[in-house]
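For reference, the structure is listed below as structure tokens.
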Protein chains: 2
Amino acid sequence: MQKLPNNIRFQVSGSFYLKDPESSELGKKILKHGIRMIDELGFDEFTFRKLGMEIGSNEASIYRYFESKYKFLIFLSSWYWAWMEYSLILALTNVNSPEKRLERAIALLAHEPNDNLDLEHFELEKLSRIVNSESSKSYLTKEVDEANNGGAFINYKQFVSRVSDIVKEINSRYKYPNMLISTVIEGIHLQRFFAEHLPRLTNKQKDNLYIQKFFTELVFKTIKG
Amino acid sequence: MQKLPNNIRFQVSGSFYLKDPESSELGKKILKHGIRMIDELGFDEFTFRKLGMEIGSNEASIYRYFESKYKFLIFLSSWYWAWMEYSLILALTNVNSPEKRLERAIALLAHEPNDNLDLEHFELEKLSRIVNSESSKSYLTKEVDEANNGGAFINYKQFVSRVSDIVKEINSRYKYPNMLISTVIEGIHLQRFFAEHLPRLTNKQKDNLYIQKFFTELVFKTIKG
DNA sequence: GCAAATTTAATAGTATTACTATCATGTTTG
DNA sequence: CAAACATGATAGTAATACTATTAAATTTGC
């Protein structure tokens, strides 16, 4: 297990909590078990009441940390994208060729993280599954605009923008870098989901890097002159 | 207004209704006003009770047509994809070159239908907005597999498969036709949504065909040798 | 043209959800 | 050691996603 340098804290956008959950034991339990339970039950079946029961606390106490379960989900995805941005920066350090950088960025997105990093209450593997399959619920509501104004998608946008910049470096005349990258990110999530549940919509290969290969090829062919 | 030949009925997969809503006045009202209300309120805020009030009927009566509001949504999306398949067949009639066929298929997907077709209780413009922004809720639940076994996605899969076949015609060695097309379909929906709510994730152009152009270019570059 | 069958409406009820409010107890801290 | 704060326990509200029951209206089959 690698340890994170413990002075690192992500700049998570907005304030989607009432009280910083990392500031107390109860808060940390909410994060850890909340992530696990959303992963197991799905977001719809997940409730603060059930979470309270599981951590030997109660509903009302959890509401002191998060105003609603939607804000909890937004908080988790923002944290995830802040983490991904950090990982991206690490993955690209000392890589000079923009092609290689773009390749690595796509690889980072396409890989499910394995939990060999000690992040305590944030279990990355589960969290990434949640963001994969549940987080579009945080923007597919009529309240997107409100959430967006509150900063819900800043970390996500920052990530997209960072990768789009690499695209521009490779081909400054390409007109749709943001669209390409947001399509790739959501496409990766969707293809993973399809692979598991609706395989006829995919072209699964033995080689389990096929999603990464598919999108890498797509991106490079698309942006080449 | 064009009239549909009135002997046409789509083969809608599965049986996501208890009683055929096209067989009665009440059923037709449920379809028409249900579509409108989901479009206006969003699926989460939409309830059978509200629908009942609006059409001067009541909750219990609606439950005789649809077991739940999720099945109602699945029914609507299946109908939509059956309709899209029909439209696709029309759009491709007498077009011989596979390149032109693929181009037209993408154009069909990228265009919001204008309601100049007399489909009575199915208002296409609203329905397409629903499928665009709400229908992933029909697969982003833990019950996907069950829904899938019940045939929920047959019409969608058929559509994907039809378009993938064109890709194969153009380049039979291309390994990921289904992935490419399912990525494009969901990508179009997402980019439309982003254009409206999170424009920084897109590259909106004055020209309002930019989504179509972006995906057309992406597809053709990707599948070319 | 009328009885039987079916469809709908009206009402009520259940379990659960997503919260809010209140109050008492325990813990931290200045 | 008191004041401030965090938690727990309990209760309550309005709404949701249904189900059950009964009665009225409409359709249909003969």
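A quick note: this is a predicted structure, and the numbers were derived from the prediction, not measured. Side chains included, hydrogens not; waters and symmetry mates left out as well; all remaining heavy atoms used.
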B:Lys157 and B:Asn178: side-chain donor and acceptor closer than 3.5 Å?
no

Original post:
Would one find a side-chain N or O of B:Lys19 under 4.0 angstrom from OP1 or OP2 of C:dT8?
Top reply: yes

* Is there a side-chain contact between B:Gln158 and B:Trp81, using heavy atoms and a 4.5 Å cut-off? -> no

Whole-Å distance, A:Ile62 CD1 to D:dA6 C1', equals 14 Å

| request: Go through the side-chain N and O atoms of A:His197 and B:Asp145 and say whether any donor and acceptor fall under 3.5 Å apart. | output: yes

A:Leu51 atom CG is separated from C:dT16 atom P, nearest whole Å, by 18 Å

Return no unless some side-chain N or O of B:Tyr65 is found under 4.0 Å from OP1 or OP2 of C:dT8. yes

Between CG of B:Leu26 and C1' of D:dT27 the distance, given in whole Å, is 15 Å

Scan B:Gly56 against the nucleic acid and name what it touches under 4.0 Å (heavy atoms): base, sugar-phosphate only, or nothing.
-> sugar-phosphate

A:Met53 CE to D:dT10 C1', in whole Å, measures 15 Å

Under 3.5 Å, which N/O atoms of the protein pair with N/O atoms of nucleotides 18-26 of chain C?
residue : atom : partner : partner atom : Å
C:dA18  : OP1  : A:Lys69 : NZ           : 3.2
C:dC19  : O5'  : A:Tyr63 : OH           : 3.3
C:dC19  : N4   : A:Glu59 : OE1          : 3.1
C:dC19  : N4   : A:Glu59 : OE2          : 3.3

A:Glu45 atom CD is separated from D:dT16 atom C1', nearest whole Å, by 14 Å

Check whether any side-chain N or O of B:Ser23 sits under 4.0 Å from OP1 or OP2 of C:dT7, and answer yes or no. no

Q. Is there a donor in the side chain of A:His33 and an acceptor in the side chain of A:Arg36, or the other way round, less than 3.5 Å apart?
A. yes

So, OP1 or OP2 of C:dT8: does either fall under 4.0 Å of a side-chain N or O from B:Ser57? no

Pairing donors with acceptors under 3.5 angstrom, does anything connect the side chains of B:Ser24 and B:Tyr65?
yes

Between CG of B:Leu18 and P of D:dT19 the distance, given in whole Å, is 9 Å

From CZ of B:Phe66 across to C1' of D:dT19 the rounded distance in Å is 19 Å

Side-chain heavy-atom pair A:Phe48, A:Tyr63 within 4.5 angstrom cut-off:
yes

Is it possible for you to check whether B:Lys69 lies under 6.0 Å from the centre of the six-membered ring of B:Phe43, through NZ or CZ, and within 45° of that ring's axis? yes

From CG of A:Asn58 across to C1' of D:dA11 the rounded distance in Å is 12 Å

